[in-house]
Student: 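Structure in structure tokens, see below.
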Amino acid sequence: MAELIDGKRISTMIKDECKQKVEEYKAQGIEICLAVIQVGNDPASSVYVNNKKKACAYVGMNSLSYELPEETTQEELLSLIQELNERKDVNGILVQLPVPAHIDEKTIINAIDPKKDVDGFHPQSVGSLCIGQPGFVSCTPAGIIQLLKRSDIDITGKHCVVIGRSNIVGKPMALLMLRENATVTIAHSKTKDLKAITRQADILIVAIGKPKFIDASYIKDGAVVIDVGIHRNADNKLCGDVDFDSAKEVASYITPVPGGVGPMTIAMLMKNCVDSISLQ
Ligand code: GUN
């Protein structure tokens with residue numbers, strides 16, 4: 001029976017460490033401010049954005065909120081980003097994704113000053129991660145590293161299989177595990193015989209986007225299982241990409257959904273905002 005990795009507890013620990021650092025900066029006369037931009041009113045995005053603003057308040061940072069109408073043009077959004085890039089009192093800029101279809105996501109990500117790219121999505125941030133230079137790291141994968149380290153799970157030399165190759169999770173996750181000296185395999189929707197590969201994993205990180213897809217038959221005895229997925233089923237209950245009830249019987253450690261990876265994303269966003277001061 002697997003031990004639970006408690007993301008709620010670890011994320012609170014990280015937010016409390018941020019709170020402490022924010023107080024220390026305040027004592028030196030330095031305030032930290034995150035600007036959050038949402039275009040349109042996608043309900044899921046509104047929940048995320050609200051949670052980000054609440055987290056800022058919890059750690060004692062300022063936040064600026066821009067709720068722009070759906071029909072905002074790309075030029076208008078770019079001009080707001082430019083203004084925020086130039087503002088000395090703004091340390092982090094976050095454009096909540098997805099943006100409406102008439103706005104090009106890449107152009108928006110590229111417009112954010114890499115020194116304020118607290119999401120870690122800018123090509124310069126991703127490139128820095130790739131070659132081991134200082135820069136912001138995407139919050140969800142950075143949070144997973146914290147979950148492993150703070151649960152005393154050794155990464156060095158382990159075979160880590162990441163299922164998923166998105167720019168936000170899969171790719172940075174693989175790079176981070178490599179930085180931690182794991183042997184890394186990336187699997188994805190075109191991978192042949194997925195089960196043969198996942199069964200080799202000492203650490204299995206699942207960002208596949210399909211509810212309860214990974215059951216015990218995909219997992220080696222004693223493996224660590226990290227579930228990045230989040231879905232709502234017919235009775236409005238949350239579940240992940242992993243079939244938790246089956247997986248917990250073979251895994252040594254497992255993250256639950258909710259309360260595993262989810263809360264780490266915002267905690268690491270707060271950490272990136274705090275770290276922005278030293279990068280700037
Ligand atoms: N949409 C879903 N996740 C994220 C995230 O981590 N950052 C931003 N900006 N948008 C998102």
Side-chain angles (χ1 to χ4, degrees), residues 7 11 14-15 18 33-56 61 63-68 70 72 74 77-78 80-81 84-85 90-101 103-126 129 135-147 164-173 175-176 205-209 226-232 238 240-241 257-258 260-273 275-276:
S11 68
I14 291 170
K15 282 191 287 186
C18 290
C33 176
L34 170 67
V36 181
I37 306 171
Q38 182 183 356
V39 187
N41 42 21
D42 173 62
S45 288
S46 301
V47 172
Y48 289 130
V49 163
N50 260 326
N51 288 339
K52 288 170 187 179
K53 289 190 281 192
K54 274 194 215 152
C56 286
M61 289 180 347
S63 65
L64 291 172
S65 177
Y66 297 87
E67 281 146 38
L68 308 180
E70 179 84 18
T72 302
Q74 179 161 307
L77 180 55
L78 286 172
L80 172 61
I81 292 170
L84 295 169
N85 280 342
V90 171
N91 306 94
I93 303 170
L94 181 152
V95 179
Q96 187 64 29
L97 303 178
V99 285
I103 295 176
D104 181 51
E105 187 176 292
K106 276 200 193 110
T107 306
I108 298 307
I109 290 172
N110 289 5
I112 295 171
D113 180 343
K115 288 199 207 65
K116 300 189 177 185
D117 174 37
V118 285
D119 256 330
F121 294 169
H122 192 284
Q124 189 174 309
S125 305
V126 181
L129 168 63
F136 293 109
V137 177
S138 181
C139 300
T140 302
I144 291 170
I145 297 290
Q146 288 303 313
L147 286 178
R165 55 174 159 179
S166 70
N167 290 340
I168 292 180
V169 180
K171 283 180 205 161
M173 188 74 249
L175 289 169
L176 282 172
I205 301 177
V206 188
I208 205 169
I226 306 290
D227 189 353
V228 185
I230 184 141
H231 312 275
R232 213 172 265 286
L238 291 175
D241 291 350
V257 176
V261 173
M264 294 303 292
T265 302
I266 290 187
M268 296 313 287
L269 174 66
M270 296 300 105
K271 185 167 184 320
N272 277 351
C273 291
D275 291 347
S276 73

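Each ligand, and each atom within it, is numbered from 1 in the order the structure gives. Below, each value reflects all heavy atoms present in this structure, side chains not excepted, and no hydrogens, waters or symmetry copies. In what follows, residues are counted from 1 in the order of the sequence shown.
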Student: Does any donor atom in the side chain of Lys52 or Gln96 lie under 3.5 Å from an acceptor atom in the other side chain?
Tutor: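 The criterion, which ignores hydrogens and geometry beyond distance, is satisfied for Gln96 and Lys52.
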Student: Could you tell me, for ligand 1, which of its N or O atoms are under 3.5 Å from any protein N or O, listing the pairs and their distances rounded to 0.1 Å?
Tutor:
residue, atom, partner, partner atom, Å
ligand 1, 1 (N), Gln96, NE2, 3.2
ligand 1, 1 (N), Leu97, O, 2.9
ligand 1, 7 (N), Asp119, OD1, 3.1
ligand 1, 7 (N), Asp119, OD2, 3.4
ligand 1, 9 (N), Val95, O, 2.8
ligand 1, 9 (N), Asp119, OD2, 2.6
ligand 1, 10 (N), Leu97, N, 2.9

Student: Test your reading of the model: is there a side-chain donor-acceptor pair from Asp117 to the backbone of Ile112, 3.5 Å cut-off?
Tutor: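 No; judged by distance alone, with no hydrogens or angles, the pair does not exist.
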Student: Backbone N or O of Val90 within a donor-acceptor pair of the Lys116 side chain at under 3.5 Å?
Tutor: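 Such a contact is found between Lys116 side chain and Val90 backbone.
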Student: Is any side-chain heavy atom of Leu68 less than 4.5 Å from a side-chain heavy atom of Leu80?
Tutor: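 Leu68 vs Leu80: side chains touch.
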Student: Do the side chain of Asn85 and the main chain of Asp113 share a donor and acceptor less than 3.5 angstrom apart?
Tutor: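 Checked: pair present.
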Student: Between Glu70 and Pro100, is there a donor-acceptor pair closer than 3.5 Å when you use the side chain of the first and the backbone of the second?
Tutor: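 Not a single qualifying donor-acceptor pair exists.
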